[in-house]
Amino acid sequence: MTATMTDTPPPAAPKADTERARSGRPLGQILMIVAGALLLVAAVRVITGANQLTSDGQVSAALSLAVPIGLAGLAGLWSERSGVVNIGLEGMMILGTFGAGWIGFQYGPWTGVLVGIAGGAIGGMLHAFGTGPFTVNHILSGGGINILPPGAPPHLIALSFRGHQGRP
């Protein structure tokens with residue numbers, strides 16, 4: 001038995017396209033956008049007379065208030081990586097904050113923190129239970145979780161805190 005060998009070279013590796021690997025905008029455009037944003041902030045500051053627009057306290061407050069939104073974004077990222085579309089994160093946060101506020105008022109701040117965590121977990125379990133055994137679409141389940149919690153707390157607050165100081 002004879003074997004015939006052809007002298008064909010192996011296929012060459014594709015060359016890296018350096019133009020596609022770069023970002024879509026050149027550095028000059030990015031710097032112009034940043035400069036334009038700084039000029040816009042300066043113009044708003046001059047027009048409105050708000051001299052504290054770029055103060056340390058303003059930046060610090062913005063960063064501290066952005067932490068819950070950043071944590072919700074991180075939770076959304078983790079759920080997307082696991083294959084679950086979770087658009088009900090805001091509703092879960094509202095469940096947690098209402099539970100924390102109500103129980104924290106009744107029993108103290110640390111109990112309120114624990115109940116706030118449990119409230120968010122209950123929202124997550126509602127989403128998991130709806131999309132798991134009942135096979136509801138992830139978008140519909142998350143939308144329902146986003147719609148129901150913002151509507152219920154105003155009525156529950158009116159019932160729970162009636163007659164207390166600061167409430168008519």
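FYI, side chains are in, hydrogens and waters are out, and symmetry mates aren't considered; it's all heavy atoms of this structure.
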If two hydrophobic side chains count as joined below 4.5 Å and joins carry through other members, does [X] share a cluster with [Y]?
X    : Y    : answer
I103 : F105 : yes
V34  : L40  : no
F161 : Y107 : yes
L89  : I94  : no

Nearest-0.5 Å distance, CG of residue L39 to CE of residue M32: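 Taking CG in L39 and CE in M32, the distance rounds to 9.0 Å.
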Spacing of M92 atom CE and L126 atom CG [to the nearest 0.5 Å]: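 M92 atom CE to L126 atom CG measures 8.0 Å (nearest 0.5 Å).
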Heavy-atom pair with the smallest gap, counting every atom of V85 and H138: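 For V85 versus H138, the nearest heavy atoms are N-ND1, 3.1 Å.
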Closest non-hydrogen atom pair between G116 and A100, with its separation: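 Taking every non-hydrogen atom into account, CA-CB, 3.8 Å.
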L38 side chain reached by V41 side chain, heavy atoms, under 4.5 Å: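 A side-chain contact is absent here, since even the closest heavy-atom pair is not under 4.5 Å.
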For residues 59-73, dump all side-chain donor-acceptor pairs below 3.5 Å to protein atoms at least two apart in sequence or in another chain.
unit_1	atom_1	unit_2	atom_2	d
S64	OG	S60	O	3.3
S64	OG	A61	O	3.0

Non-neighbouring partners of S160 that pass side-chain hydrogen bond (donor to acceptor under 3.5 Å, both in side chains), sequence neighbours left out: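 For S160 the side-chain hydrogen bond (donor to acceptor under 3.5 Å, both in side chains) partners, ignoring immediate neighbours, are W102.
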Expected list for residues 141-155: side-chain donor-acceptor pairs under 3.5 angstrom, two or more places apart:
unit_1	atom_1	unit_2	atom_2	d
S141	OG	H127	ND1	2.9
N146	OD1	G91	N	2.9
N146	ND2	I87	O	2.5

Test side-chain contact (heavy atoms from CB on, under 4.5 Å) applied to V44 and I47, step by step: CA-CA 5 Å; V44 167; I47 292 170; 6.0 Å; no
